[in-house]
Undergrad: 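First, the structure itself, so that you have it in front of you.
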Amino acid sequence: MPRFLSRLAVTGTAAVLAATLTTPTTVQAAAKPAERTRALSWVAMGDSFSAGVIEATGAETEPRDGCARTVESYPEIIRRDLGALTDLRNVSCSGATTEDVRAAKLSPLGRPLPPLGTDPNAPYPPVPPQVDSAGPDTDLITVGIGGNDLGFAGILKDCVELGATHLGQGTPCKDRYDAGLPERLAGLSAAYGTMLTALHAKAPSAKVITVGYPHLVPEDAGLCTYGDLLQFATFSTGDLAWARTAILEPLNAVIARSSADHGDTFVDLYPASAGHSVCDADRWVDGVLSTILPLKYGLVHPNARGQAGAAAVVEHAVLGG
């Protein structure tokens, strides 16, 4: 994928970026654009899809606190692209929910090691609520969250196990979870709105950009191969189609709707990631495993190409696109 911004282009958009992310007071409006020299204060929040986590998104950033933020995650890519124009605090964390963004301390697990091992540096001390990193001087907040509120990791695990039990036939995961999804989605909608309200209260001058989730399952679930650990392992085809239309797309819809209700900018990763799902040849999301030899977990997370694709769309929004 071609790089979406050159250093020259970034430098040229500095004044636009400053204007986009601030609501000018009378004094600010009278000031010349060149007078703004402070780097834009940006806090990146979110879960593992923002943090990076898997080895396919590079080494972990330092210092390590168990959140498994990686050097090729989209906040870190944008940090490098925008350079001195921004002052980034990346507090995204694997396993986070809206409550961990808004108010709760999270005890992070670090990066898992095969076979089903734990991070050798674990246990890690709890990390503060992500909102604590924002304040009155914050200009920009990006937040990618919501999947853990729905219990997506647990559903994925159960779908793999149920698919194996049923030899890939039928929709055993749908049969178990479908009836309870409306309640889960309603709970997410309420929690997401409460979180956004808290972010605006803590950082009243900040522009808030919410980030959705990319294509994980292709439009044609039949492209996925049953039993392939580089894809969805023993997830049945019927359950994959159900997961796309009943979980992933409604999840993005909840985020988009709540963002609109709060006057925030929703970044939709779905269009740009079409054709790059776990089961596509040019995949931007790794499956249960990233590689078999050597054994590396993918955990159905964006790889470096997926994070770069997300960075392109998010940065466009940051620059006022």
Undergrad: Would you name the heavy atoms of T265 and K207 that are closest together and state the gap between them?
TA: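 For T265 versus K207, the nearest heavy atoms are OG1-CE, 3.7 Å.
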Undergrad: Do you reckon L269 sits in the same ILVMFWY cluster as V254, going by side-chain contacts under 4.5 Å, direct or chained?
TA: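 No; tracing contacts between hydrophobic side chains, which count when under 4.5 Å, never links both residues.
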Undergrad: Quick one: does any side-chain atom of Q231 pair with a main-chain N or O of G287 as donor and acceptor, under 3.5 Å?
TA: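 Side chain of Q231 to backbone of G287, a donor-acceptor pair under 3.5 Å: no, none is there.
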Undergrad: Step by step, would you call Y124 with D119 a side-chain hydrogen bond (donor to acceptor under 3.5 Å, both in side chains)?
TA: CA-CA 10 Å; Y124 291 92; D119 190 313; 3.1 Å; yes
Undergrad: Apply side-chain hydrogen bond (donor to acceptor under 3.5 Å, both in side chains) to residues S92 and S50 and explain how you reach the verdict.
TA: CA-CA 6 Å; S92 57; S50 297; 5.5 Å; no
Undergrad: Can you check whether M195's main-chain N or O pairs, donor with acceptor, with T98's side chain at less than 3.5 Å?
TA: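 The answer is no, because no donor-acceptor pair under 3.5 Å joins these two groups.
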Undergrad: Side-chain heavy atoms nearer than 4.5 Å, only ILVMFWY residues, links allowed to pass through others: does that put V53 and V278 together?
TA: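 No.
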Undergrad: Is there a donor-acceptor pair closer than 3.5 Å between any side-chain N or O of E99 and the backbone N or O of A104?
TA: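 The answer is no, because no donor-acceptor pair under 3.5 Å joins these two groups.
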Undergrad: What's the verdict on side-chain hydrogen bond (donor to acceptor under 3.5 Å, both in side chains) for S258 and D261, showing C-alpha distance, side-chain angles and the deciding distance?
TA: CA-CA 5 Å; S258 188; D261 289 344; 5.6 Å; no
Undergrad: At their closest point, which heavy atom of L181 faces which heavy atom of W242, and how far apart are they?
TA: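 It is CD1-CZ2, 3.5 Å.
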Undergrad: Is E183 atom CD crowded by more than 12 heavy atoms from other residues, nucleotides or ligands, each under 6.0 Å away?
TA: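 Counting other residues, nucleotides and ligands, CD of E183 stays at 12 neighbours or fewer.
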Undergrad: Please check: side-chain N/O of T86 versus main-chain N/O of L88, any donor-acceptor pairing under 3.5 Å?
TA: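 Side chain of T86 to backbone of L88: no pair is present.
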Undergrad: Do the side chain of T291 and the main chain of P294 share a donor and acceptor less than 3.5 angstrom apart?
TA: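 Confirmed, T291 side chain pairs with P294 backbone.
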Undergrad: Does D139 come within less than 4.0 Å of R38, counting only side-chain N to carboxylate O?
TA: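 R38 and D139: salt-bridged.
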Undergrad: Run the side-chain contact (heavy atoms from CB on, under 4.5 Å) check on I255 and Y213 step by step: do they pass?
TA: CA-CA 10 Å; I255 297 171; Y213 290 83; 3.9 Å; yes
Undergrad: Would you name the heavy atoms of W284 and G309 that are closest together and state the gap between them?
TA: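 Answer, listing the atom of W284 first, then G309: CZ3-CA, 3.8 Å.
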Undergrad: Between the side chain of S94 and the main-chain N/O of C67, is any donor-acceptor distance below 3.5 Å?
TA: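 Between the backbone of C67 and the side chain of S94 there is no qualifying donor-acceptor contact (under 3.5 Å).
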Undergrad: Could you tell me whether the side chain of H215 and the main chain of Y270 form a donor-acceptor pair under 3.5 Å?
TA: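 Such a contact is found between H215 side chain and Y270 backbone.
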Undergrad: SG of C93 to CG of L106: how many Å apart, nearest 0.5 Å?
TA: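 That separation rounds to 4.5 Å.
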Undergrad: Under 3.5 Å, is there a donor-acceptor pair between the side chain of S236 and the main chain of G170?
TA: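 Yes, because the side chain of S236 sits within donor-acceptor range (under 3.5 Å) of the backbone of G170.
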Undergrad: Is it true that, when you exclude L229 itself, more than 12 heavy atoms of the residues, nucleotides or ligands shown sit nearer than 6.0 Å to its CG?
TA: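 Yes, enclosed.
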Undergrad: Indicate yes or no for a side-chain donor-acceptor contact from Q130 to the backbone of G46 under 3.5 Å, with no hydrogens or angles considered.
TA: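 The answer is yes, because a donor-acceptor pair under 3.5 Å joins these two groups.
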Undergrad: Will you find, in the side chains of S48 and H301, an N or O donor that is under 3.5 Å from an N or O acceptor?
TA: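 Side chains of S48 and H301: pair found under 3.5 Å.
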Undergrad: Please report the interatomic distance OH(Y226) to OG1(T234), rounded to the nearest 0.5 Å.
TA: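 Output value for this atom pair is 5.0 Å.
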Undergrad: Please tell me whether I145 and L185 are part of a single hydrophobic cluster in this structure, the criterion being side-chain heavy atoms less than 4.5 Å apart.
TA: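 Linked, I145 and L185 end up in one cluster.
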Undergrad: Rounded to the nearest 0.5 Å, how far does OG1 of T225 lie from CG of L230?
TA: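 Spacing of CG (L230) from OG1 (T225) equals 10.0 Å.
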Undergrad: Let me confirm one number: the CG-NZ distance from D239 to K174, rounded to the nearest 0.5 Å.
TA: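 Interatomic distance, D239 CG to K174 NZ, rounded to 0.5 Å: 9.0 Å.
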Undergrad: For the residue pair N148 and T97, what are the closest heavy atoms and their distance?
TA: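 Residues N148 and T97, closest heavy atoms: CB-CG2, 3.8 Å.
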Undergrad: How many angstroms lie between atom CG of N90 and atom OG1 of T142, to the nearest 0.5 angstrom?
TA: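 It is 8.0 Å, given to the nearest 0.5 Å.
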Undergrad: Check the pair W42 / D87 against side-chain contact (heavy atoms from CB on, under 4.5 Å), numbers first and verdict last.
TA: CA-CA 6 Å; W42 166 28; D87 178 14; over 6 Å; no
Undergrad: For the residue pair H200 and H262, what are the closest heavy atoms and their distance?
TA: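 Reported closest heavy-atom pair: NE2-O, 3.9 Å.
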Undergrad: L150 and R184: which non-hydrogen atoms are nearest, and at how many Å?
TA: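 Closest heavy-atom pair between L150 and R184: O-NH1, 2.7 Å.
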Undergrad: Working to the nearest 0.5 angstrom, can you tell me the gap between D149 CG and S189 OG?
TA: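 Those atoms lie 11.0 Å apart.
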Undergrad: For the hydrophobic clusters of this structure (ILVMFWY residues joined by side-chain heavy atoms under 4.5 Å, transitively), does one cluster hold both F235 and V300?
TA: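 As far as the 4.5 Å side-chain criterion goes, V300 and F235 are connected within one cluster.
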Undergrad: Checking V288 now: which residues fulfil side-chain contact (heavy atoms from CB on, under 4.5 Å) with it, not counting sequence neighbours?
TA: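 With sequence neighbours excluded, V288 shows a side-chain contact (heavy atoms from CB on, under 4.5 Å) to A233, given in chain and number order.
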Undergrad: For A96, does its backbone N or O pair with a side-chain atom of D47 as donor and acceptor, under 3.5 Å?
TA: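 Here the side-chain-to-backbone pair does not exist.
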Undergrad: Does atom CZ of R244 have more than 12 heavy-atom neighbours, drawn from other residues, nucleotides or ligands, at distances under 6.0 Å?
TA: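 It does: R244 CZ has more than 12 such atoms within range.
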Undergrad: Inspect the contact between R80 and E76 and indicate whether a charged nitrogen and a carboxylate oxygen are less than 4.0 angstrom apart.
TA: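 Salt bridge flag = no for R80 with E76.
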Undergrad: Check whether F152 and V217 end up in the same hydrophobic cluster, where Ile, Leu, Val, Met, Phe, Trp and Tyr are linked by side-chain heavy atoms less than 4.5 Å apart.
TA: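 They do share one cluster, since a chain of ILVMFWY contacts under 4.5 Å joins F152 to V217.
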